[in-house]
Amino acid sequence: MRSPVPACPCPPRIDAARRLWHPPADIQGTKMNLFADIRSLVVASLEDMVASGALPAGLDMTNVAVEPPRDAAHGDMATNAAMVLAKPAGMAPRAIAEALAARLAGDPRIVSAEVAGPGFLNLRLTAESWRGVVKAALGAGRDFGRSAMGRGTKVNVEFVSANPTGPMHVGHTRGAVFGDALAALLDFAGHEVTREYYINDGGAQVDVLARSAYERYREANGLSPEIAEGLYPGDYLIPVGEALKAKYGVSLLDRPEADWLTEVREFATEKMMEMIREDLALLGVKMDVFTSEKAITASGKIEEAIETLRGMGLIYDGTLEPPKGKLPEDWEEREQTLFKSTAFGDDVDRPVKKSDGSWTYFAPDIAYHWDKVSRGYDLLIDVLGADHGGYVKRLKAVVAALSNRRVDLEVKLIQLVKLFKNGEPFKMSKRAGTFVTLRDVVEQAGADVTRFVMLTRKNDAALDFDFDKVLEQSKDNPVFYVQYAHARVCSVLRKAAEAGIAADDATLAAADHGKLAHEAEIALAKKIAEWPRLVEIAARGQEPHRIAFYLYELASDLHGLWNRGNEDASLRFIQDDPSTAQAKIALARAAGVVISAGLGILGVTPAEEMR
RNA sequence: GGCCCCGUAGCUCAGGGGAUAGAGCGACCGCCUCCUAAGCGGUAGGUCACAGGUUCGAAUCCUGUCGGGGCCGCCA
């Protein structure tokens, strides 16, 4: 009787990697990041040189970098130390490099240190160093690459924040995917992250929603709806009308708006938020906090925030210059209550009160950001559509003012998603019924494809989303390429089990990795070694797309090694000798672990099998 | 008029002070008796929009120009 093949040990669900995480003490710091380790070695050596008088005192080492060289022929790592320090030290770069090379050569991890070009120091590391990375990856599992970089930093990532007046569309989808991946990335880099959704339920648009829903309510009661110009015509409000009928019967019919507006507004808004939560769930996005604009307003926080600013001398009554260029038809000069955002780098001061004395849209935003500041975050991130670019400076000004410049606000603008179908631009129009919702996209393309495609572009570059390419699920689609690499690793593990080779992570971590000696194998280990470094670079730049590109490269290296096995049987992972096999499988599994962790950050499922 | 983003191979895009600028697609030539060919190897393809400047060093930073997109009080 054959024993059943054990399931791939990769965690099948993505949730586990995405929850809030605090690094245990033993993997805090940088000891799993070989590039950081060697940089520490370089800096320590430079400090020794200072101590011994070989270099002058007082040098700033912050620009000293240890990086993978562009050309692998140059070695494993390169440092710019000599070039960076040449000028402040008043010495020739090559002289510094030579002296540094002599010191580094004494380290057991360093095979060679050669001066090259204008003063680069090219380092080669022992194969044993790279094998150590495989062991570390297997020991840490999907925690390999986690960083303590953000330790002690509380970050609030506000994203989506779609108006609760209808279903989410493609533009929201990109913002949702980006914000969620950014939050996961910052979490992985050791920050304490809150995912937050700001519900714009306080403005005139929810009154419009209420009136639109009321017409559907009339319709549900057998009357013909009057969807006037300016109301939301979408079918998605029909069920809301029916639900209103179920709750209120005929009691709201033939009553003045003032009698039903508040109740219908709250009812419809809640229904819209239910729908939006379902949409987010389809994408695999889970918020930690929903904050209501209406609640902020009702709590009196707007007045508090404005009075706080007034106390700082940043609120005054005045008039603004008319905008340059084309003047609005109905422009007239009016006195408004203004926030002195120019004191914090804005171009003009911004109105917080309209001429009729009511708050502008900006006022609740002031209160909301004040609320976020008061919740003790060290960093606020707003993920907004690119059409909100004009609000960035005033928002930054608010946060700077209300936090005494303690809290930084980063605004990540999400550029347009351009839809294509049959190679032609696909215009969206609510009226023409060609309105593409998040649900449309996810139901057709799947959450994994949607997420990965939207993360293979910088947030500030426009994204072409071609339905045909995505629906084809062709090999053009990088998500399959990466998932397939992971599936191949799982396949190797299944084969190992069939062959009776123990291949659990603990066994693999303890395998005789000295059997990994071929340059193609060491090359893959080197790529794996870059992962912890990449995580920190991506997190520092708040650029989750870097994860996607790295995973593609890692998958490419794994596929390459796999195919080498076709020509050279000694490069296959499954070998007759169990000890040799375990060493090779360990390498594959280490790559799989990193792919799994990286896809976890992106919110994409690491497929175990693809046929 | 002002502010923000973008301009890199035929196409879609990475790289954003460092060495000979990369990938995918498309084109061309190869690779399945073999752990999954949704894979791999190779060839061809560049004035990094343009002009100045900073620097030992610029696709990368600064200024300007050109081209594309977005935004600019009493909407949200």
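In this text, all values refer to a predicted model and were calculated from it rather than measured experimentally. These numbers come from the heavy atoms of this one structure, side chains and all, not from hydrogens, waters or symmetry mates. Lettering of chains follows the sequences in order, A, B, ..., and the numbering in each one begins at 1.
- The base of B/G39 is paired with the side chain of A/N563 by a donor and an acceptor separated by under 3.5 Å.
- Residues A/E609 and A/R611 are paired through a salt bridge, judged by an N-O separation under 4.0 Å between the basic side chain and the carboxylate.
- Of the side-chain N and O atoms in A/H545, one or more sit less than 4.0 angstrom from OP1 or OP2 of B/G15.
- If you take CG of A/L413 and C1' of B/G69, they are 13 Å apart, rounded to a whole angstrom.
- Using cut-offs of 30° and 60° for the angle between ring planes, the A/F339 and A/F362 rings count as tilted.
- Heavy atoms of A/A116 sit under 4.0 angstrom from at least one base atom.
- Between A/W359 and B/C74 there is no side-chain N or O to OP1 or OP2 distance below 4.0 Å.
- Across B/G18, B/U36, B/C56, the shortest atom-to-atom separation from the side chain of A/K495 is found for B/U36.
- Taking the six-membered ring for Trp and thresholds of 30 and 60 degrees, A/Y481 and A/Y552 have nearly parallel ring planes, at less than 30 degrees apart.
- Nearer to the 5' terminus of RNA chain B, by closest-nucleotide assignment, is the contact made by A/H74 (compared with the other of A/H74 and A/E293).
- For the OP1/OP2 pair of B/G73 and a distance below 4.0 Å, the side-chain nitrogens and oxygens of A/K354 include no atom meeting the criterion.
- A close approach under 4.0 Å does occur between a side-chain nitrogen or oxygen of A/R70 and OP1 or OP2 of B/A19.
- Look at B/A37: it lacks any Watson-Crick or wobble partner with both distances under 3.5 angstrom.
- When heavy atoms are screened at a 4.0 angstrom cut-off, A/A462 is found touching the sugar-phosphate backbone but no base atom.
- OP1 or OP2 of B/G15 has at least one side-chain nitrogen or oxygen of A/R546 nearer than 4.0 Å.
- Residue A/L320 is out of contact with every strand shown, counting any heavy-atom pair closer than 4.0 Å.
- The shortest distance between the side-chain N/O atoms of A/K458 and the OP1/OP2 oxygens of B/G15 is below 4.0 Å.
- Within the 4.0 Å cut-off from OP1 or OP2 of B/G39, not a single side-chain nitrogen or oxygen of A/R564 is found.
- Looking only at atom types and distance, the side chain of A/K353 has no donor-acceptor partner in the side chain of A/T360 under 3.5 Å away.
- Using the Watson-Crick or G-U wobble rule with both distances under 3.5 Å, B/A49 pairs with B/U65.
- For B/C40, the OP1/OP2 oxygens have a side-chain nitrogen or oxygen of A/Y481 closer than 4.0 Å.
- A donor N or O paired with an acceptor N or O is not found under 3.5 Å between the base of B/C13 and the side-chain atoms of A/R457.
- Surrounding CG of A/D576 are at most 12 heavy atoms belonging to other residues, nucleotides or ligands under 6.0 Å away.
- Look at NE2 on A/H388: it is 11 Å from P on B/C71, rounded to the nearest Å.
- Here the nucleotide nearest the side chain of A/D387, chosen from B/C74, B/U36, B/G70, is B/G70.
- If you check every strand for non-hydrogen atoms under 4.0 Å, A/N122 touches a base.
- Once the 5.5 Å centre distance and the 30° plane angle are applied, the aromatic ring of A/F120 is found stacked with the base of B/A19.
- Candidate nucleotides B/U36, B/C40, B/U12 were compared by shortest atom distance to the side chain of A/H559, and B/C40 ranks first.
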